[in-house]
Protein chains: 2
Amino acid sequence: MKQYEHPPAEAFRLTAILHALSDPYRLSIVQKLSVLQPQPCAPLQGGRPKSSVSHHFSVLRKAGLVRTVVVGVNHMNSLRDAELEARFPGLLKTILDAAARSEGLPAQD
Amino acid sequence: MKQYEHPPAEAFRLTAILHALSDPYRLSIVQKLSVLQPQPCAPLQGGRPKSSVSHHFSVLRKAGLVRTVVVGVNHMNSLRDAELEARFPGLLKTILDAAARSEGLPAQD
DNA sequence: ATGATAGTTCGACTATTGTCGAACTATTCG
DNA sequence: CGAATAGTTCGACAATAGTCGAACTATCAT
């Protein structure tokens with residue numbers, strides 16, 4: 001059962017994390033994973049072709065945000081939240097809170 | 001005295017903020033401003049040509065991170081920290097803490 | 001006015017990123 | 001085994017972003 005490479009927590013680079021989360025689609029993946037974990041890629045596709053989805057998951061993995069484990073035919077994704085919290089305390093939660101807040105008011109004053 | 005356009009706080013987009021901070025040079029500008037505010041562009045140049053510096057300040061302004069006020073011959077930059085805090089509580093501080101932490105350990109274990 | 005200083009704008013170029021179809025790999029099921 | 005499913009990799013292309021010199025603008029000092 002072939003698995004993925006994930007950078008060790010010491011190798012996380014803040015700028016890579018911020019870049020990974022600066023894409024709206026990737027941010028939405030992380031938001032959804034924060035609600036339900038783990039999930040395979042399929043329910044997170046959002047209408048995109050598989051090759052695009054795969055690319056975005058690769059960016060998330062390389063930044064250290066997501067861990068992907070092959071379980072049978074599915075690739076189960078989860079957030080590396082504990083490691084992230086240890087390395088950059090409060091970062092993920094604060095960004096997710098900000099993201100939630102952004103969504104509340106996209107249309108009104 | 002000609003001044004700059006700055007987006008209102010309601011127009012801040014999280015992804016634009018994350019993107020702005022995902023560039024190491026721009027992140028370093030924000031870090032330096034967080035220590036000493038306001039500052040003109042010159043001391044923050046970091047060896048880059050003026051046109052590049054100007055470009056990066058423009059990105060920071062458009063994201064809502066920096067406010068630039070023309071004072072005589074200098075363009076004084078400061079963080080829009082209060083507005084940012086109101087819109088995205090804890091975000092700037094958490095990222096700056098993470099950035100400070102990143103710098104502590106670029107070489108050791 | 002002239003010159004000096006601080007920074008912007010423009011335009012060209014390069015590099016990085018995102019998109020997507022097609023072919024490929026791994027696993028399960030029949 | 002062969003077919004189906006889930007996702008990756010490759011390669012081409014488009015779009016976005018960063019870099020930098022040169023010309024420009026605004027302000028201050030003389």
Side-chain angles (χ1 to χ4, degrees), chain A residues 1-7 13-30 32-33 36-78, chain B residues 1-7 13-30 32-33 36-78:
Chain A
M1 197 185 291
K2 194 178 208 175
Q3 295 295 344
Y4 288 84
E5 298 243 319
H6 296 92
R13 284 177 314 131
L14 176 60
T15 50
I17 291 173
L18 297 178
H19 172 249
L21 295 175
S22 74
D23 178 273
Y25 173 56
R26 287 191 298 256
L27 180 57
S28 79
I29 290 175
V30 169
K32 285 168 188 157
L33 285 177
L36 176 61
Q37 235 178 124
Q39 286 190 71
C41 304
L44 303 166
Q45 283 206 186
R48 283 169 185 74
K50 295 197 297 180
S51 50
S52 294
V53 173
S54 191
H55 163 70
H56 287 297
F57 271 98
S58 164
V59 172
L60 288 169
R61 274 192 298 268
K62 284 175 183 156
L65 283 157
V66 166
R67 161 161 279 131
T68 307
V69 176
V70 179
V71 177
V73 96
N74 290 307
H75 296 203
M76 297 304 281
N77 302 286
S78 33
Chain B
M1 198 185 290
K2 191 177 211 178
Q3 294 294 347
Y4 288 84
E5 299 245 319
H6 296 92
R13 285 178 313 132
L14 177 60
T15 49
I17 291 174
L18 297 179
H19 172 250
L21 295 176
S22 73
D23 178 273
Y25 173 55
R26 287 192 296 258
L27 181 58
S28 79
I29 290 176
V30 170
K32 284 169 189 156
L33 285 177
L36 176 61
Q37 237 181 121
Q39 287 191 69
C41 303
L44 303 167
Q45 284 205 187
R48 281 166 186 76
K50 294 196 296 179
S51 50
S52 294
V53 173
S54 191
H55 164 69
H56 288 296
F57 271 98
S58 165
V59 172
L60 289 170
R61 274 192 298 267
K62 284 175 183 156
L65 283 157
V66 165
R67 163 161 277 131
T68 306
V69 177
V70 179
V71 177
V73 96
N74 290 306
H75 296 204
M76 297 305 282
N77 302 286
S78 32

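Predicted, not measured: the structure shown is a model, and the values here were computed from it. Here is how names work: the chains are called A, B, and so on, in the same order as the sequence lines, proteins then strands, and each is numbered from 1. For the numbers below, each heavy atom of this structure counts, side chains included, while hydrogens, waters and symmetry mates do not.
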The side chain to side chain contact (heavy atoms under 4.5 Å, CB included) partners of B/V73 (sequence neighbours excluded) come to none

Taking atom P of C/dA6 as reference, at what distance in whole Å does atom CD of B/Q39 sit?
14 Å

Protein-nucleotides 21-23 of chain C N/O pairs under 3.5 Å:
residue: C/dG21; atom: N7; partner: A/S51; partner atom: OG; Å: 3.1
residue: C/dG21; atom: O6; partner: A/S51; partner atom: OG; Å: 3.1

Per-pair distances, 0.1 Å, donor-acceptor, side chain in residues 46-59 of chain B, under 3.5 Å, sequence neighbours excluded:
residue: B/R48; atom: NH1; partner: B/G46; partner atom: O; Å: 3.2
residue: B/H56; atom: ND1; partner: B/R26; partner atom: NH1; Å: 3.1
residue: B/S58; atom: OG; partner: B/K62; partner atom: NZ; Å: 3.4

B/L60 CG to B/Y25 OH distance, which is reported to the nearest 0.5 Å
9.0 Å

Return the nearest nucleotide to the side chain of A/V73; candidates are C/dG7, D/dT5, D/dA26.
D/dT5

Near-strand residues of residues 17-26 of chain B, defined as heavy-atom separation under 4.0 angstrom from DNA chain C:
none

Got a donor-acceptor contact below 3.5 angstrom from the A/Q3 side chain to the A/V70 backbone?
yes

Measure NE2/B/H75 against C1'/C/dG7 and give the value in whole Å, please.
5 Å

Mind listing the residues from residues 54-62 of chain A sitting with a heavy atom below 4.0 Å of DNA chain C? Number order is fine.
A/H55, A/H56

Whole-Å distance separating the CD atom of B/Q3 from the P atom of D/dT25:
18 Å

Side chain to side chain donor-acceptor pair (under 3.5 Å) partners for B/T68, two or more places apart:
B/R61, B/N77

Per-helix bend value, the helix from C/dA1-D/dT30 to C/dG30-D/dC1, C1' rotation axes over five pairs per end, 10° rounding, shows 20°

For the atom pair CG (A/L33) and CG (A/L36), what is the distance rounded to the nearest 0.5 Å?
8.0 Å

Nearest atoms (heavy-atom pairs only) where A/P40 meets A/P43:
O-CD, 3.2 Å

Please give, in whole Å, the distance from D/dT25 C1' to B/N74 CG?
15 Å

A/H19: what forms a ring pair (Phe, Tyr, Trp, His ring centres under 6.0 Å) with it, not counting sequence neighbours?
none

Strictly below 4.0 Å: does B/Y4 bring a side-chain N or O up to OP1 or OP2 of C/dG7?
no

Rounded to the nearest 0.5 Å, what separates atom CD1 in B/I29 from atom CD in B/Q39?
10.0 Å

Expressed in angstrom and rounded to an integer, what is the separation of B/N77 atom CG from C/dG7 atom P?
8 Å

Euclidean distance, atom CD of residue B/Q45 to atom P of C/dT5 [Å, nearest integer]
14 Å

With no hydrogens and no angle check, is any side-chain donor or acceptor of A/N74 less than 3.5 Å from a backbone partner on A/M76?
no

Measuring from A/L21:CG to B/S22:OG, what's the distance to the nearest 0.5 Å?
10.0 Å

Looking at every heavy atom in both A/L65 and A/A20, which two are closest together, and how far apart are they?
CD1-CB, 3.7 Å

Can you name the side chain to side chain contact (heavy atoms under 4.5 Å, CB included) partners of A/P24, sequence neighbours left out?
B/T15

A/L44 CG - D/dA6 P separation (whole Å)
13 Å

I'd like to check the side chain to side chain donor-acceptor pair (under 3.5 Å) partners of B/Y4; sequence neighbours left out, ordered by chain and number.
B/H75

